K.L.:
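I have a structure here, written as structure tokens, and I will follow up with some questions on it.
Everything numeric here is computed off the predicted structure, so don't read it as measured data. We name chains A, B, ... by the order of the sequence lines, and we start the count at 1 in each one.
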Amino acid sequence: MSERRAGACHGGQAGTVVAPPPAGYRLVAIIGPPNCGKSTLFNRLTGLRQKIANFPGVTVEHHLGRVQFRGHYDVELVDLPGIYSLNPRSEDERVSHDVLHGRMAGLKKPDAVLLLLDSTSLSRHLTLAAPILSLGLPTLVLLNMADDLRARGGEIDTDALAEQLGAPVALVSAARGEGLEAVNEFLKGGIAVPRPVELPVLQDVPKCRQWAREVAQEAGYQHPAPPEWTRRLDAVFLHPLWGPLVFVFVVAMVFQTIFAGAQPLMDGVEAVVARSGAWLGGLMGETWYKSLLIDGVWSGVGSVVVFLPQIVLLFLFIALLEDSGYLARAALIADRTMARVGLQGKSFIPLLSAYACAVPAIMATRTIESRRDRIATILIAPFMTCSARLPVYTLIIAAFIPERAFLGPLLGTRAAAMLSLYVLGFAAAVLTAKILKSSVLQSERTPFVLEMPPYRMPTLQSVGLRLLDRAKAFLKRAGTVILGVSVVLWAMASVPMVDGKAPEIGHSLAGTLGRTLEPLIEPLGFNWKIGIGLVTSLAAREVIVGTLGTIYGMEPDKDAAGLQAALQKDLTFGGAVALLVFFAFAMQCMSTLAVVRRETGGWKWPAIQFTYMSVLAYVCAFAANRLFS
Amino acid sequence: MSFKEEALATPCLADLGRDEEGVVDRIDLPEDLAQRLMELGFVPGHAVQASHAAPGGDPRVFRVDGTEIALRRETARHIFLRQGGTRQA
């Protein structure tokens with residue numbers, strides 16, 4: 001009935017094996033407002049026994065996890081999105097509403113609820129208790145951040161609150177693992193659930209809040225003192241002068257780390273992939289399957305796995321920024337600038353991440369609650385100059401632009417060309433955002449509302465589990481989509497066989513395709529060889545470098561000068577500029593399309609994105625070829 | 001000009017300067033948004049205090065009910081305060 005009772009139950013059962021109680025639970029939902037520590041609690045309870053799943057047809061993902069007890073069957077936990085109320089208005093609320101009413105396809109109705117509230121802002125968070133408790137499901141009310149409440153001089157009588165709510169109540173600290181015995185006891189069905197009490201009218205927010213306030217008062221709730229450290233830190237981080245400076249410093253640090261910092265690690269992965277491939281190839285001898293496995297699969301998948309260190313480092317930063325509470329401040333500072341292009345502050349970090357790779361950037365858009373802003377951010381992210389474009393840019397620039405001083409000794413012509421490609425991508429993104437927000441994604445119904453959570457020390461477990469999550473998702477894609485595409489590309493380059501050997505690339509299926517494409521790409525200044533490169537680079541942009549190497553019979557790493565010379569023969573200057581422009585705009589990345597499909601819950605947006613970017617790339621490359629020839 | 005009219009009319013959340021406090025009177029926004037803002041603490045009768053702002057003064061953080069919520073000026077303009085309720089906290 002109360003926390004004390006819960007504790008007593010636990011003490012009595014220590015060390016004994018209990019049979020599953022008749023009222024034991026199988027599926028328990030964790031629900032709570034945003035920023036109340038739900039993920040931390042979920043991670044505490046389930047550890048590595050969890051998986052992410054998307055509900056069919058919605059962009060909101062949910063975590064499913066298992067809690068194991070000795071001598072008791074496992075209890076499954078589902079972590080629902082953070083919500084303020086159960087009125088199905090936003091997508092998050094609709095998902096929670098449907099799951100709790102047993103209306104979500106693919107998930108049975110939970111038979112109990114863990115309602116997690118932040119004990120440091122209880123009079124507000126208790127508002128959510130009314131709709132949740134009125135569901136009539138057995139509910140354990142957990143008051144999180146108990147350590148914070150104590151430290152800041154707040155108080156709550158859990159017994160009195162349990163009496164008021166008609167539900168068991170326990171004070172916990174998910175971050176420190178305090179008070180979790182009560183949760184385990186509840187999950188095993190060891191806490192009796194008393195009869196429900198009368199609850200206020202749900203639709204009336206002021207009445208609900210009034211009720212919450214009264215309940216908190218009855219339970220002797222003493223509001224904690226304002227978080228002193230947060231106030232002190234905000235005095236610097238949101239200072240009119242220091243705030244933007246800290247912001248720029250943080251952004252620069254993220255940028256520097258994902259580029260310079262990740263480079264040695266990426267080189268390391270690349271070397272491991274190349275050496276292990278050579279070693280494995282040596283074991284197989286000259287067979288057709290060696291060509292498939294090593295030249296096709298190993299190097300294809302390897303070219304994507306190389307980006308793993310960069311992605312992990314990027315997510316480490318995002319996790320630290322988010323868990324510490326700084327991300328909300330960064331979004332606040334960036335909001336005005338982002339609003340100019342019709343976006344909002346929360347789009348800033350995802351777009352910054354897109355300079356490394358659009359895949360993690362699109363995954364990072366999950367922090368944006370407004371669906372329209374989120375879709376807009378997803379659609380423009382691939383315009384940011386990702387690191388997969390760099391090998392292509394480097395090759396073409398080195399081959400066609402002589403190195404000269406451009407702006408004094410500071411900026412050479414090549415660096416200026418590279419910089420203008422960054423600007424080009426950025427401009428396309430801004431323009432697209434404007435077009436989107438004034439057409440398809442026009443009516444903005446959710447206002448920019450951003451809660452500033454108190455600063456907290458990120459926990460190793462929460463950050464670590466998140467990194468593991470993202471790394472797994474990335475590798476899974478490399479192991480499925482990229483693997484499939486690599487095999488297809490290899491096959492296209494290997495048939496029809498000549499004397500049991502792979503044909504010359506010009507006579508292969510890929511070569512035929514390149515020739516078929518030639519009339520289409522000729523106006524851009526590309527011949528059939530570039531055409532093959534464009535086809536193979538549909539998998540991933542940087543693949544074109546390797547393909548051109550194969551076509552011209554030169555290893556890009558060993559004979560860079562030879563490859564450049566060969567390209568100079570086949571491409572005019574206008575064609576080279578057109579190729580750069582084409583790569584700046586075209587959506588040549590299977591991984592990105594796959595992740596957009598996953599995050600938007602269907603093929604509609606990836607199809608629109610692919611078409612839009614391809615048309616834009618074609619038209620602009622055509623114009624560039626005319627202009628520079 | 002409407003500036004003057006506005007100044008003479010009911011004060012709104014966007015009028016609050018740093019550290020100034022007011023009491024919410026009504027929210028003049030579509031039902032959905034008004035409900036969302038009320039869930040966050042902008043309930044008629046509740047005190048709100050203006051706090052830090054982003055460079056340029058927009059959006060601004062408001063302290064309400066023990067938490068801090070940032071709103072853009074365009075939203076704060078539609079949350080009206082009780083007459084004469086504004087004061088330095």
K.L.:
Given the options A:T120, A:D335, A:T230, A:T127, which has more heavy-atom pairs under 4.5 Å with chain B than any of the others?
P.N.:
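Top option by heavy-atom pairs under 4.5 Å: A:D335.
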K.L.:
Do any N or O atoms from the side chain of A:K434 and from the backbone of A:G342 form a donor-acceptor pair under 3.5 angstrom?
P.N.:
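Looks like no, no N/O pair under 3.5 Å.
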K.L.:
Assess the side chains of A:D147 and A:S173: does a donor N or O sit below 3.5 Å from an acceptor N or O?
P.N.:
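Result is yes, a qualifying pair exists.
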K.L.:
Within 45° of the axis and under 6.0 Å from the centre of the six-membered ring of A:Y455, does NZ or CZ of A:R329 qualify?
P.N.:
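Yes, A:R329 lies over the aromatic ring of A:Y455.
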K.L.:
Below 4.5 Å, heavy-atom pairs only: which of B:A34, B:P59, B:P44, B:G66 has the largest tally toward chain A?
P.N.:
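The candidate making the most pairs under 4.5 Å is B:P59.
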K.L.:
Name the option with the most non-hydrogen atom pairs under 4.5 Å to chain B; the candidates are A:E451, A:R213, A:R336, A:R209.
P.N.:
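Most pairs with chain B among the choices: A:R209.
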K.L.:
Salt bridge check: are A:R231 and A:E228 linked by an N-O gap of less than 4.0 Å?
P.N.:
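No, no charged N to carboxylate O under 4.0 Å.
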K.L.:
Give, as side chain, backbone, both or neither, the part of A:A339 having an atom under 4.5 angstrom from any heavy atom of chain B.
P.N.:
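For A:A339, backbone and side chain are both near chain B.
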K.L.:
Using a cut-off of under 4.5 Å for heavy-atom pairs, which of A:P244, A:S85, A:P240 has the most such pairs with chain B?
P.N.:
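Of A:P244, A:S85, A:P240, A:S85 has the most heavy-atom pairs under 4.5 Å with chain B.
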K.L.:
Let me know if B:L29 has heavy atoms under 4.5 Å from chain A in its side chain, its backbone, both or neither.
P.N.:
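For B:L29, no heavy atom lies under 4.5 Å from chain A.
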K.L.:
In terms of heavy-atom proximity below 4.5 Å to chain A, should B:A53 be classed as side chain, backbone, both, or neither?
P.N.:
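Backbone only.
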K.L.:
Is the side chain of A:R152 donor-acceptor paired with the backbone N or O of A:A225 at a distance under 3.5 Å, no angle test?
P.N.:
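Side chain of A:R152 to backbone of A:A225, a donor-acceptor pair under 3.5 Å: yes, one is there.
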K.L.:
Examine whether an atom of A:Q344 lies under 4.5 Å from a heavy atom of chain B, and if so say whether it belongs to the side chain, the backbone or both; otherwise answer neither.
P.N.:
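Contact with chain B is through both the backbone and side chain of A:Q344.
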